[in-house]
Amino acid sequence: MTTRTRFAPSPTGPLHMGGVRTALYAYLFAKQQQGKFILRIEDTDQNRYVPGAEEYIIEALTWCGIIPDEGVGFGGKHEPYRQSERKHKGFYMNYAQQLLNNGNAYYAFDRPEDIDIARKNAETDGVQGWQYDASTRMGMRNSLSLPEQEVRHLLDQGTQYVIRLKVNPGQTLTFTDMIRGEVSFDSSLVDDKVLIKADGMPTYHLAHIVDDIMMEITHAIRGEEWLPSAPAHILIYQYLGIPMPLYAHLPLLLKPEGNGKLSKRDGDRLGFPVFPLQWKDPVTGEISSGYREKGYYPESFVNMLAMLGWNPGTEQEVFTMEELINAFSFERVHKAGARFDPDKAKWYNEQRLRHSNDEELGLKFSMELKSILGEEDPRSSHDFATGAVKLLKERVQFENEFYETGKYLFEAPSTYDEKVIAKRWNEKSKTFFQALPDVLTKVEHFTAENCKAAFEQLATEQGMKPGDVLQLFRVIVSGQGSGVDLFGMVELLGRSEIISRIQKALTSI
RNA sequence: GGCCCGUUCGUCUAGGGGUCUAGGACAUCUCCCUUUCACGGAGGAAACACGGGUUCGAUUCCCGUACGGGCUACCA
């Protein structure tokens, strides 16, 4: 049987990184098994629908390289993949009817207010967790407690109703989780979950099962927050007489500090994004940052996410998607929640940047430079940009830091590091720099090595150690006391630029 | 409150009865390299939540406690 996994978010807003990780694991597993990965949109709650969320989800997954084989936006033999559309085809009601017919579900006419009252009454009696179940259902208005005639009448009248799962108490419900092993529950503690809501929409509980069956899902992968409702899901499969797919409940992603799971609000408050892509709230206009816009490589973002709760059992940490597909296994997913570490996230990006090809980085950087400096500026050329990349590559974690970090490569300094000037600038050094342009003019091939040799020779001739003027030279060229390799920078900037910077410094210091 | 899941350095984690003097990575500290800063290299500090069992022997198995997390909607 072909492995089929799905990722089934609800379009209530941007996908957060925890959701992306769930999608990733489902994708990795499917690909490893030469199976299919499906994107299903669970939009059964029309009140929570957020415009743009669906597009966001598709764009985010695509950016990450987690490409569905079937689903909303990708087509496939089980269309439609949007639950609101599937509802109109009667898929969910079909299954609900089957449960109704077999006596495993029933109509309930209680309004939300009635349930509130029942709950409040129970609380005043000191009962903490009231629920609609075998112990309370006969005191409510439903097709189990009401005479058949009345039920008929209510239905004929068009009275609003929900369909509830009839959970029989006193049995142990067990299933084997791919990550946690055997997990069991007492059915007495499971409530009679609503299967079909008053508006005719199915709830998650019914909908995901119907769709997983119809879409031939073999492995259901979801977050740990679903574990408590697993017994109800086991029961639905039992009542339907259909074998359950294998389930995996993933550990949650926790906040970097403090308590609780990582939530949408945490991100920008703590200085890191929680979303893969930037998101603008359609109502408030509030903008939340995204990993893409921060300059992360999608591969690094995915790599980082993969390692949060899973490890290969070797010491390898940097992976490509291909390698992840090969190495992944649910047996090696950790059971406890993982606290997200923004520093480690940056490290993954840095690693990928370090191993990137200079020419390719240079090409991208030259495009950026062209938009900053102009198409014709020689410093926007591929050659110059590649030269700059070589000098800057080990000093940044993101490509988008090249320009700011190496700004002095693109414009002559207007200020000079005061500490170095105060310490080193004197008559002797001034004389040295007055003589330096002539010496540099005579250097035949203007390379780092030749310039360095000429520089040192001049220093010796003037009776000083190169170290006495080296840092000054750096400040004269770049304005800063520290930075990229000095003579590498000299070679890149070229003879006339260097000489002009020396002359500028001589008049302004 | 109830139910479920969990608990190894600050963080992500390896290890699943003796090989543990508990390993790696991020972060941190020291030193080396270097014209500076980074990079890189070397090294340091840093953890088995607690209490009972089981066992010749528990970080590893069992139970309890504590702590953390999740769920407890006609939301997913």
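Only this structure's heavy atoms are used, side chains among them; waters, hydrogens and symmetry mates stay out.
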| task | With C1' as the reference atom in both, quote the distance from U7(B) to A47(B) in angstrom, rounded to an integer. | result | 12 Å
| task | Would you state whether a donor and an acceptor, one from the side chain of R474(A) and one from the base of U36(B), lie under 3.5 Å apart? | result | yes
| request: Write down the distance separating the P atoms in G15(B) and C71(B), rounded off to the nearest Å. | output: 29 Å
Which pairs, protein N/O on one side and nucleotides 28-30 of chain B N/O on the other, fall under 3.5 Å?
none

| remark: When rounded to whole Å, the CG to C1' distance for the pair L250(A) and C71(B) reads 17 Å
| request: Could you check whether D110(A) gets within reach of a base, just the sugar-phosphate, or nothing at all, counting any heavy atom under 4.0 Å? | output: base
| Least distance between heavy atoms, T12(A) atom then A53(A) atom | N-CB, 4.2 Å
| query | Out of C5(B), U35(B), U72(B), which has the shortest distance to the side chain of Q131(A)? | reply | U72(B)
| request: Provide the distance between the two C1' atoms, one in A58(B) and one in G40(B), to the nearest whole Å. | output: 41 Å
| message | Categorize R424(A) for me: base, sugar-phosphate, or nothing, with a 4.0 angstrom heavy-atom threshold over every strand shown. | response | nothing
| field | Main-chain N/O of W130(A) paired with E123(A) side-chain donor or acceptor, under 3.5 Å | value | no
| message | Can you tell me whether the side chain of R180(A) and the base of C5(B) have a donor-acceptor pair closer than 3.5 Å? | response | no
| remark: Here the pair of heavy atoms bringing D417(A) nearest to V475(A) is N-CG1, 3.6 Å
